[in-house]
**Student:** 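First the structure, which I've put down as structure tokens, then a few questions once you've had a look.
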2 protein chains.
Amino acid sequence: MPSEADLVGQFDVSRMTANRALRELQSAGIIVRRAGSGSFIAEPKPIGHMIEIRNIAEEIRGRGHDYRARVIQNVEEKASAETAVLLEVPVGTKIFHSIIVHHEAEFPIQLEERFVLASAAPDYGTLDFTQLTPNEYLTRTAPLERVEHRVRAEMPDARTRGMLGLNEGEPVLRMTRRTWSNGRLVSHAWLSHPGTRFELSAAFSVDD
Amino acid sequence: MPSEADLVGQFDVSRMTANRALRELQSAGIIVRRAGSGSFIAEPKPIGHMIEIRNIAEEIRGRGHDYRARVIQNVEEKASAETAVLLEVPVGTKIFHSIIVHHEAEFPIQLEERFVLASAAPDYGTLDFTQLTPNEYLTRTAPLERVEHRVRAEMPDARTRGMLGLNEGEPVLRMTRRTWSNGRLVSHAWLSHPGTRFELSAAFSVDD
DNA sequence: AAGTGGTCTAGACCACTTC
DNA sequence: AAGTGGTCTAGACCACTTC
């Protein structure tokens, strides 16, 4: 970033004004300032709370376990009557439809079925999701604007039970996760977890 | 609050310094400033997000439905080996143990089993929880400092299934909610919901 | 030695609120 | 008319980093 002195020269303002501008960018978490060194673009900030669960790969590795993804499919489709509703687009809109099973060590921990607006992420269909999660990719490609989560307990259907290696009668914690970018709903995902092997958690402090 | 000019006189600083101090209090949400009028202590801020689900009674009424609570028990106990672990206290510590079923219209929507540190809420045992939820009471009595949630999908035991009026094979969404006040863990609650009749939701925007 | 942010000062003009 | 916050200026001294 330009230094305070640079800004003074460039915009013909006093140093206090430049200082205040940079100080406010800092307090907004957009830049980092180091005395004696300079001002720099900040590392992207975590969005916080429940969203920390977004990157399943990092979460698993953070627990010291191997992470592995099995890509069941990643295809381009035209939105059907059902999927058009999910993404709030007209029937026939180009979308990607991926199904991935995420593993912690040898255990399936999340079944991810995701619908993505193709115009918002044109190369989604060509990606190798064993190397990077859809969420990581989307976070980079489409600046995250809004996220919505819904969570419920369900009995899995036979396909889900098979892919997650569940016993008969074992429930799943199913999260529906929708993300918006540039004013558009760009992704709708169902994330199903074995109820007994997975917990969502969130903690917050009142900081005043 | 003192005005900028007051602070200049009182602390022998320049106006810019007083201005910065008040501006920072404002951006921290502690005061509100009105040009031409003055600076004032801010209204307490909402804690936000997932915490909005805390008051089940208001949530149900907000949906236009009747709210009703059935108090199964509310007794004083000495912490057993099991409950002592939950509240992180020595065995034998005085605690309250309440069980309440919350209803939306005629349907049970939440089974709340709660353990409360008696020394933090001495009159908990005498309260009428058909009129006010434990959470409302605790929020008023013990200033909330930290909250932790964990959520999982489970198959209910027979007692839970009975109290929630569930069919065989129907899972529950069980939240474990712990709250801290004045540096102590004061409450441990299990909140069980019919998986098919209840969804947790949380949305957040990136606001920059 | 030159550059950086951290902090503070003493002054100014302004639109607005309050009485 | 007096008081309030909003904003800006031109200058200063400092500890620290960078080279």
**Student:** OP1 or OP2 of dT17(D) versus the side-chain N and O atoms of Ser37(A): is any pair under 4.0 Å?
**Tutor:** no
**Student:** Per the atom types in the model, does the base of dG6(C) pair as donor or acceptor with the side chain of Arg20(B) at under 3.5 Å?
**Tutor:** no
**Student:** Which one is paired to dG5(D), where only Watson-Crick or G-U wobble pairs with both distances under 3.5 angstrom count?
**Tutor:** dC14(C)
**Student:** Give a yes or no on whether a donor-acceptor pair under 3.5 Å exists between the nucleobase atoms of dT7(D), that is its base, and the side chain of Arg15(B).
**Tutor:** yes
**Student:** Let me spell it out: for each of Ala18(A) and Glu4(B), pick the nucleotide of DNA chain D with the closest heavy atom. Which residue's pick is nearer the 5' end?
**Tutor:** Glu4(B)
**Student:** Can you label the angle between the His102(B) ring and the Tyr67(B) ring as parallel, tilted or perpendicular, going by 30° and 60°?
**Tutor:**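 The rings of His102(B) and Tyr67(B) lie parallel, inter-plane angle below 30°.
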**Student:** For the side chain of Thr17(B), starting at C-beta, report the closest nucleotide among dT7(D), dT18(C), dC8(C).
**Tutor:**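 My answer, after comparing the listed nucleotides, is dC8(C).
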**Student:** What contact category does Arg34(A) fall into here, base, sugar-phosphate, or nothing, at under 4.0 angstrom with non-hydrogen atoms?
**Tutor:**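 Contact class for Arg34(A): sugar-phosphate only.
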**Student:** Between Arg33(A) and Glu4(A), is the closest basic N to carboxylate O distance under 4.0 Å?
**Tutor:**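 Salt bridge between Glu4(A) and Arg33(A), a charged N being under 4.0 Å from a carboxylate O: yes.
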**Student:** Let me spell it out: for each of Leu22(A) and Met16(A), pick the nucleotide of DNA chain C with the closest heavy atom. Which residue's pick is nearer the 5' end?
**Tutor:** Leu22(A)
**Student:** Side-chain N or O of Ser3(A) less than 4.0 angstrom from OP1 or OP2 on dG3(C)?
**Tutor:**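 So the side-chain polar atoms of Ser3(A) never come under 4.0 Å of the phosphate oxygens OP1 or OP2 of dG3(C).
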**Student:** Does a side-chain N or O of Arg33(B) approach OP1 or OP2 of dT4(D) to a distance below 4.0 Å, or not?
**Tutor:** no
